[in-house]
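Take a look at the structure below.
Treat the numbers as computed from the prediction; the structure is a model and nothing was measured. Residue numbers start at 1 and run along the sequence shown.
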Amino acid sequence: MPLHEPTHCRLDAFTALRDQLPELGTTSGLVRSAVAVSMHELDHADIINVETELDDYAEQILDRVQNASDTRALVAHTHLLLFEEARFRGNLGDYDNPRNSYPSSVLRTRLGLPIMLVMIYKAVLERVGVHVEGINAPGHFLAALPAAATGQIVGDDPVTFIDPFAGGRLLTRDEALARIRQAAPLAFIDDLDPLQPASHKQWLLRLVRNLMTGFERMDQPDDLAAMLEMTRLIEEGG
């Protein structure tokens with residue numbers, strides 16, 4: 001693990017991220033790493049508060065199901081709570097705002113980028129025992145569940161894709177591909193499958209690179225340089 005100190009990134013954020021990277025393979029480590037990234041800009045970002053909020057959503061879901069092993073009921077109640085009652089959704093009106101990528105901010109406003117909304121969706125569902133994959137699709141990050149967990153089974157496709165940015169909409173593979181084709185047409189210039197699961201390292205790097213793009217557009221070179229330092233840290237230590 002690199003021992004150098006940052007020049008642009010806040011030291012407490014950089015140190016917190018470095019401390020979390022050994023656990024990046026876990027969902028908790030992914031969320032905690034994302035909180036650490038947000039500490040560069042947010043004074044109030046707190047890992048424990050974020051985990052407490054995620055725990056609360058999970059407890060509400062478990063309180064609503066009669067059988068905690070009924071995966072379809074758990075998924076259905078998660079969608080009801082997160083997307084219909086809490087109204088988590090994409091922030092179309094202020095897309096480039098860095099706070100769309102910060103867990104504490106998204107939990108407060110319930111608005112965010114696809115990559116952070118999928119992270120919250122994954123963190124809540126996995127607390128109630130349902131594994132969620134992040135899908136590293138070009139132009140639009142998605143979630144994926146076994147089709148049997150959603151009840152949406154098309155042919156022999158074992159997977160349902162979920163778009164938390166669109167209020168938790170369930171997508172078939174063809175619908176997910178159409179969404180990617182609209183967002184990133186160049187994703188189809190080769191034969192690679194654009195619906196590949198993301199490792200947690202890929203996930204975190206993409207989150208930080210989204211922030212780099214936002215800071216560049218807002219002409220904030222110091223913050224852009226800070227995200228570059230975090231990118232190098234993740235690449236070396238994640």
>> The test is side-chain contact (heavy atoms from CB on, under 4.5 Å); show your working for F161 and E175 and say whether it passes.
In response: CA-CA 9 Å; F161 298 93; E175 289 170 333; over 6 Å; no
>> Show, in sequence, the C-alpha distance, side-chain angles and deciding distance for I180 and L195, and conclude whether the side-chain contact (heavy atoms from CB on, under 4.5 Å) test is met.
In response: CA-CA 9 Å; I180 296 166; L195 295 173; 3.2 Å; yes
>> What verdict does the side-chain contact (heavy atoms from CB on, under 4.5 Å) test give for L17 and L204, after you've listed the backbone C-alpha separation in whole Å, the side-chain angles of each residue and the deciding distance to 0.1 Å?
In response: CA-CA 11 Å; L17 177 59; L204 188 62; 4.1 Å; yes
>> For a side-chain contact (heavy atoms from CB on, under 4.5 Å) check, start with the C-alpha distance between R10 and D43, then their side-chain angles and the critical distance, and finish with the verdict.
In response: CA-CA 10 Å; R10 283 174 58 166; D43 293 329; 2.7 Å; yes
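Below 30°, between 30° and 60°, or above 60°: for W203 and F141 the angle between ring planes is between 30° and 60°, a tilted geometry.
For the pair L142/V118, no side-chain contact is recorded, criterion being any heavy-atom separation below 4.5 Å from C-beta on. Within the 4.5 Å cutoff, the side chain of I48 has heavy atoms near those of the R32 side chain. By the 4.5 Å heavy-atom criterion applied to side chains, M230 and V37 are counted as neighbours. At least one side-chain heavy atom of V75 sits less than 4.5 Å from a side-chain heavy atom of L145. The shortest side-chain heavy-atom distance between P197 and N136 does not fall under the 4.5 Å cut-off.
The hydrophobic clustering, which links ILVMFWY residues whose side-chain heavy atoms are closer than 4.5 Å, places L21 and L11 apart. Both F165 and L207 are members of a single hydrophobic cluster when ILVMFWY side chains are connected at heavy-atom separations under 4.5 Å. A continuous path of Ile, Leu, Val, Met, Phe, Trp and Tyr side chains, each step under 4.5 Å between heavy atoms, connects M218 with L224, placing both in one hydrophobic cluster. By the criterion of side-chain heavy atoms lying less than 4.5 angstrom apart, applied directly or through intervening Ile, Leu, Val, Met, Phe, Trp or Tyr residues, V132 is grouped together with L62 in one hydrophobic cluster. Both L211 and Y95 belong to a common hydrophobic cluster when Ile, Leu, Val, Met, Phe, Trp and Tyr are linked at side-chain heavy-atom distances under 4.5 angstrom.
A distance-only check finds a donor-acceptor pair linking the side chain of E229 to the backbone of C9 [under 3.5 Å]. Looking only at distances, no side-chain donor or acceptor of T15 sits under 3.5 Å from a matching main-chain atom of D12.
The salt bridge (charged side-chain N to carboxylate O under 4.0 Å, His left out) check on D55 picks up R127, with sequence neighbours excluded. Under the salt bridge (charged side-chain N to carboxylate O under 4.0 Å, His left out) criterion, R87 pairs with no residue, sequence neighbours left out. Under the rule for a side-chain contact (heavy atoms from CB on, under 4.5 Å), the partners of V50 that lie at least two apart in sequence or sit in another chain are V31, V35, L54, P103, S104, L107. Every residue meeting the side chain to side chain donor-acceptor pair (under 3.5 Å) condition with R209, not counting sequence neighbours, appears here in chain and number order: E235. For E23, the side chain to side chain donor-acceptor pair (under 3.5 Å) test picks out no residue, with sequence neighbours left out. By the salt bridge (charged side-chain N to carboxylate O under 4.0 Å, His left out) test, R99 pairs with E41, sequence neighbours left out. Under the side chain to side chain donor-acceptor pair (under 3.5 Å) criterion, H140 pairs with D163, not counting sequence neighbours. Applying the salt bridge (charged side-chain N to carboxylate O under 4.0 Å, His left out) criterion to E133, with sequence neighbours excluded, gives no partner residue.
The shortest heavy-atom contact between L111 and G90 is CD2-O, 4.0 Å. The nearest pair of heavy atoms linking L74 to A68 is CD1-O, 3.3 Å. The shortest non-hydrogen separation linking S101 to L113 is OG-CD1, 3.4 Å. Minimum heavy-atom separation, R206 to G139: NH2-N, 3.5 Å. Pairing each heavy atom of V208 with each of M227, the nearest pair is CG1-O, 3.4 Å. Considering every non-hydrogen atom in both L24 and S33, the closest pair reads CD1-OG, 3.9 Å.
Identified under the salt bridge (Lys or Arg N to Asp or Glu O under 4.0 Å) test for residues 113-126, with sequence neighbours left out: K122-E126. Sorted by first and then second residue, the ring-ring contact (aromatic ring centres under 6.0 Å, His included) pairs with a member in residues 60-85 read H79-F83, H79-Y121, F83-Y121; sequence neighbours excluded. For residues 217-227, every residue pair satisfying the salt bridge (Lys or Arg N to Asp or Glu O under 4.0 Å) rule, not counting sequence neighbours, is listed here: D96-R217. Listed by first then second residue, pairs satisfying ring-ring contact (aromatic ring centres under 6.0 Å, His included) with a partner in residues 18-61 read Y57-F88, not counting sequence neighbours.
I135 contributes atom CD1, which lies 11.5 Å from atom CG of L171 (distance to the nearest 0.5 angstrom). The structure places CG of L81 at 10.5 Å from CG of D63, a figure rounded to the nearest 0.5 Å. Separating the CG atom in L117 from the CZ atom in R110 is a distance of 12.5 Å, to the nearest 0.5 Å. Here the CD1 atom belonging to I61 is positioned 10.0 Å from the CG atom belonging to D56, to the nearest 0.5 angstrom. The line from CG of L205 to OG of S199 is 8.0 Å long, rounded to the nearest 0.5 Å.
Using a cutoff of 4.0 Å between basic side-chain nitrogens and carboxylate oxygens, D174 and R179 are not scored as salt-bridged. Of the charged side-chain nitrogens involved, at least one lies within less than 4.0 Å of a carboxylate oxygen, so that E85 and R64 count as a salt-bridged pair.
Of the residues listed (D94, N91, T109), the one engaging N100 in a side chain to side chain donor-acceptor pair (under 3.5 Å) is N91, and it is the only one.
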